[in-house]
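Down below is the structure, laid out as structure tokens.
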Amino acid sequence: QWQQPLPQQQQQQQQNDRNKDPDTNSSVAVFGSDAFPLSEAPTDRLVFIDNLPIDIDPNRLWNSFGRCGDIEAIEIFHSRPDLDPGRKSIDDRKKIRSPSSNSRRQRWQRPRTPLYGMVLYKDSKGAAKAVADPLRIFGMVLDKHLIRSHAASGMTKLYLEDVSSEHDIAAIEYELSRLLHPHLYVCLDASGHRKRHRPVRGPLSCVIRFPSFEAAYKSYCILSQELTFLNEENQDCTLHWMETPPDAFLFWTRQLNF
């Protein structure tokens, strides 16, 4: 949930609770705090941060981006502390020095961890500084990770990932359109909807494009709470603002040296 920095003892207790329950930081129950204005999209106050270290906590992100302005809340997505063996548990010599690059497309792509975050500022001035060209283009280095900021206005896609193969594209389209009716109708591309690194009969993953961040934000609020695919037991379906990289598992387990 959206949270402010906690005392060291409470942080340790919270980390222990996450280790016991891996789903604590999932993308479904992320709107349980009064700090987040559910009534409208905070487009001019919200900043997205990508390529976060796998053991990032709100305090470190708060200290880094608090220089731009007063922060109201922070949210970190896609954290898997249950898979993290710890910084000292793996010999650096045994780490993979670069992500798998079997395709020409992957060779020039900047490596990106699966973790990303949202920083909600108290006013638009802080958010404007956080997405200024130096941070948006060149980024900042945090624990050897080059993290970059993105303005909320440019975030117009949602990624519905790892939907059970029991559901086909038509069923997904129907469910999305039903929940977003009458404001939006969803039409998904039936070609290339399975991840390239997944088996042919593996889970489905879809990109949902919206005309604006406000539409995407409103849809995220609805889908994260009411979409049945996200609430099915024993399912890994997730809804995210950024696509999960193919090498996510290698990052979570510290097998990639980034």
Closest heavy-atom contact between [X] and [Y]?
{"X": "Ala151", "Y": "Met155", "answer": "O-CG, 3.7 Å"}
{"X": "Thr113", "Y": "Asn51", "answer": "N-OD1, 2.9 Å"}
{"X": "Ala215", "Y": "Ser219", "answer": "O-OG, 2.8 Å"}
{"X": "Ser149", "Y": "Ile49", "answer": "CB-CD1, 3.7 Å"}
{"X": "Pro114", "Y": "Pro245", "answer": "CA-CD, 3.7 Å"}
{"X": "Gln225", "Y": "Cys221", "answer": "CG-O, 3.3 Å"}

If I take atom [atom1] from residue [X] and atom [atom2] from residue [Y], how far apart are they, to the nearest 0.5 angstrom?
{"X": "Leu52", "Y": "Arg148", "atom1": "CG", "atom2": "CZ", "value": "13.5 Å"}
{"X": "Leu223", "Y": "Glu175", "atom1": "CG", "atom2": "CD", "value": "9.0 Å"}
{"X": "Ile76", "Y": "Ile54", "atom1": "CD1", "atom2": "CD1", "value": "12.5 Å"}
{"X": "Ile74", "Y": "Asn59", "atom1": "CD1", "atom2": "CG", "value": "8.0 Å"}
{"X": "Leu158", "Y": "Cys206", "atom1": "CG", "atom2": "SG", "value": "12.0 Å"}
{"X": "Arg45", "Y": "Ile71", "atom1": "CZ", "atom2": "CD1", "value": "12.0 Å"}

Identify, with sequence neighbours excluded, every residue that meets side-chain contact (heavy atoms from CB on, under 4.5 Å) alongside [X].
{"X": "Tyr174", "answer": "Arg178"}
{"X": "Val186", "answer": "Leu176, Ser177, Leu180, Leu188, Ile208"}
{"X": "Ser64", "answer": "Met140, Leu142"}

Could you pull out all donor-acceptor pairs under 3.5 Å where a side-chain atom in residues 119-129 meets a protein atom, sequence neighbours excluded?
from: Tyr121; atom 1: OH; to: Phe65; atom 2: O; distance (Å): 2.8
from: Asp123; atom 1: OD1; to: Lys125; atom 2: N; distance (Å): 3.1
from: Asp123; atom 1: OD1; to: Gly126; atom 2: N; distance (Å): 3.0

Verdict with reasoning, Ile147 to Ile56, per side-chain contact (heavy atoms from CB on, under 4.5 Å): CA-CA 12 Å; Ile147 61 176; Ile56 188 72; over 6 Å; no
Any side-chain heavy-atom pair of Gln255 and Phe249 under 4.5 Å: yes
Test item: Ser205 side-chain N/O and Asp162 main-chain N/O as donor-acceptor pair under 3.5 Å: yes
Main-chain N/O of Leu179 paired with Glu226 side-chain donor or acceptor, under 3.5 Å: no
Any residue meeting salt bridge (Lys or Arg N to Asp or Glu O under 4.0 Å) with Asp55, in chain and number order, not counting sequence neighbours: Arg60, Arg87, Arg254
All side-chain hydrogen bond (donor to acceptor under 3.5 Å, both in side chains) counterparts of Asp70, not counting sequence neighbours: none
Ring pair (Phe, Tyr, Trp, His ring centres under 6.0 Å) partners of Phe48, counting only residues at least two apart: Trp241
From CA spacing to verdict: side-chain contact (heavy atoms from CB on, under 4.5 Å), Leu115, Trp252: CA-CA 9 Å; Leu115 271 71; Trp252 283 322; 3.6 Å; yes
Verdict with supporting geometry, Phe77 and Met118, side-chain contact (heavy atoms from CB on, under 4.5 Å): CA-CA 8 Å; Phe77 294 84; Met118 291 180 177; 3.8 Å; yes
Aromatic centroids of His150 and Tyr116 separated by under 6.0 Å: no
Stepwise side-chain contact (heavy atoms from CB on, under 4.5 Å) check, Arg112 with Met242: CA-CA 11 Å; Arg112 180 175 64 83; Met242 294 186 176; 4.0 Å; yes
Cluster companions of Tyr159 among Ile, Leu, Val, Met, Phe, Trp, Tyr (side-chain spacing under 4.5 Å): Val207
